[in-house]
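In what follows, a structure is listed as structure tokens, so that the remarks can point back to it.
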Amino acid sequence: MPGAGVTLRSRAASGADFRTLLLTALAGWRVLAAGALSGILLALAGLWVVPPEHTVVMIVGPTARVGSAAMGARVPVMAGREIALGAAEPGPGDEALSDYARYLELFGTGPVAERLATDASLLRLLFPERWDAAEGRWRSPPGLLPGLKRLLLALAGREDWVEPDAERVARALRDRLVIDMVRSGPMRRIALRHRDRAAGLELLGRVAAATDAHLRAEAARRSAAQIAHVKARLAGVTVTEHRRALSDLLADQERVAMMIEVDLPFAADPVQAPTVPALPDWPNPAAVVPLAGLVGLLAAAFALSVRAAWREAA
């Protein structure tokens, strides 16, 4: 049948192509071995050049509202009504954003980065290569690559930054931080890489504390503003029913302010405190070296294929 003949010819052509590829590989095994070995050697050289880093990990989840270790309810409900007052928690709706969601969104960025930029000791942990401990001042980092960067900036009429600011803090943390979902629940795994094990532990803990403190301070500011407003309105109201309603509202807001001051995590519970392995785990030689060898092998195979096609064309 014509169709069967086409199928047989296509299979024969495929077999011939495979044999050609196999013969080319056998004939150029030295090139393949050299490519794989070159990839491995380049990976080993890169591992010696790139400073190893530790990965600090912590797991956080939403703060509990009930239980022995709970923060407690911070959303009061007015007596006899179904209206929830969102002083520290948002009301219902598609636009609602919880304190925990704000915590994950602001972790080390925005106003939290501005708070962190005022801490000199934290800046020294985050930018150790730019801090001159002997002279007690900030300086440009030494080395060939930083020097080349400064040269390129100078040619473009610009200068490299010296003393870090909030924008630099946010950018550095964004490059170092990774936030992943734990399974399919609300908990998040926050990882930060740092060359120094102790410094990485302290840095992640302080960023987490600063983020929680910022949200607590913002909630306290809003609650205080609402309390002051209700008190001001209460001083000018003489109708008994209106005064009773404002007094209930004031009592609710004062309960919110009291719960905000509780010395417990405000927006996120540290389910697992920051931990770090004893030895550096990035980059991982067990993954980098075989992958580099495979890349070198594929590059050599591609070079052999191009050479064989060139010879056939000639």
Side-chain angles (χ1 to χ4, degrees), residues 50-61 63 99-143 145-146 149-150 159-180 188-221 260-261 263-282:
V50 175
E53 294 184 344
H54 299 263
T55 301
V56 188
V57 175
M58 70 179 299
I59 297 177
V60 299
T63 50
D99 292 326
Y100 182 58
R102 291 187 180 95
Y103 178 91
L104 297 176
E105 184 67 26
L106 294 178
F107 197 89
T109 63
V112 177
E114 295 178 2
R115 177 187 288 259
L116 295 172
T118 61
D119 190 340
S121 60
L122 185 140
L123 292 178
R124 291 194 287 269
L125 292 176
L126 191 57
F127 304 100
E129 72 283 354
R130 291 179 174 268
W131 175 251
D132 191 340
E135 299 185 8
R137 64 180 181 87
W138 294 99
R139 55 163 172 76
S140 298
L145 292 180
K149 177 184 176 182
R150 290 193 296 272
E159 295 182 359
D160 190 19
W161 64 276
V162 178
E163 185 172 355
D165 55 9
E167 191 273 336
R168 297 293 173 183
V169 171
R171 182 181 301 181
L173 290 176
R174 185 168 58 249
D175 293 340
R176 294 171 180 267
L177 284 170
V178 176
I179 302 179
D180 295 322
R188 296 293 184 269
R189 177 183 180 271
I190 303 176
L192 178 142
R193 290 203 309 266
H194 201 281
R195 298 180 186 178
D196 186 87
R197 182 177 182 272
L201 272 172
E202 182 179 357
L203 183 60
L204 183 57
R206 292 172 71 171
V207 173
T211 306
D212 198 78
H214 167 73
L215 292 172
R216 186 191 299 272
E218 182 65 15
R221 182 186 68 81
I260 290 174
E261 295 174 356
D263 189 17
L264 286 173
F266 176 79
D269 265 326
V271 180
Q272 175 185 305
T275 59
V276 61
L279 298 176
D281 59 347
W282 186 91

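Note that the coordinates shown come from a computational prediction; the quantities given were computed from them, not determined experimentally.
- How far CZ of Arg188 is from CG of Asp180: 9.5 Å, rounded to the nearest 0.5 Å.
- A donor-acceptor pair under 3.5 Å is absent between the side-chain atoms of Arg197 and the main chain of Leu279, judged by distance alone.
- Shortest non-hydrogen contact noted between Ala268 and Asp212 is N-OD1, 3.6 Å.
- Panel note: side chain Asp281, backbone Thr55; a donor-acceptor pair is recorded below 3.5 Å.
- Salt bridge Glu218/Arg221: present, at least one basic N to carboxylate O contact under 4.0 Å.
- The nearest pair of heavy atoms linking Ala113 to Ala170 is CB-CB, 3.8 Å.
- Within the 4.5 Å cutoff, the side chain of Leu104 has no heavy atoms near those of the Thr211 side chain.
- A donor-acceptor contact shorter than 3.5 Å is absent between the side chain of Arg130 and the backbone of Glu163.
- Between Leu106 and Pro111 the shortest heavy-atom distance is CD2-CD, 4.0 Å.
- Residues passing the salt bridge (charged side-chain N to carboxylate O under 4.0 Å, His left out) test with Arg171, sequence neighbours excluded: Glu167.
- Aromatic ring orientation, Phe107 versus Tyr103: perpendicular (interplanar angle above 60°, classes split at 30° and 60°).
- Between Glu53 and Pro280 there is no side-chain heavy-atom pair separated by less than 4.5 Å.
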Side-chain donor-acceptor pairs of residues 133-143 under 3.5 Å, sequence neighbours excluded:
from, atom 1, to, atom 2, distance (Å)
Glu135, OE1, Arg137, NE, 2.5
Glu135, OE1, Arg137, NH2, 3.0
Arg139, NH1, Glu129, O, 3.0

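- Of all heavy-atom pairs spanning Ala278 and His54, the tightest one is O-CE1, 3.5 Å.
- Residue pairs meeting the salt bridge (Lys or Arg N to Asp or Glu O under 4.0 Å) criterion with at least one member in residues 106-128, sequence neighbours excluded: Asp119-Arg206.
- Considering all non-hydrogen atoms of both residues, Pro274 and Leu204 come closest at CB-CD2, 4.3 Å.
- Judged by distance alone, with hydrogens and angles left aside, the side-chain atoms of Arg150 form no donor-acceptor pair with the main-chain N or O of Asp160 at under 3.5 Å.
- Considering CZ of Arg216 and CG of Asp99, their distance stands at 10.5 Å, rounded to 0.5 Å.
- Using a 4.5 Å heavy-atom threshold, the side chains of Leu173 and Leu116 count as touching.
- Note that the CG atom of Leu125 and the NE2 atom of His194 stand 6.5 Å from one another [nearest 0.5 Å].
- When atom types are taken as modelled, the side chain of Arg176 and the backbone of Arg193 share a donor-acceptor pair closer than 3.5 angstrom.
- For the atom pair OH (Tyr100) and OG1 (Thr63), the distance works out to 10.0 Å, reported to the nearest 0.5 Å.
- Leu215 and Arg102 get closest at one heavy-atom pair: CD2-CB, 3.8 Å.
- Between the side chain of Asp269 and the main chain of Gly61, no donor-acceptor pair closer than 3.5 Å is present.
- Put simply, CG on Asp196 and CG on Leu203 are 10.5 Å apart, with the number rounded to the nearest 0.5 Å.
- The distance from atom CG of Leu201 to atom CG of Leu192, rounded to the nearest 0.5 Å, is 10.0 Å.
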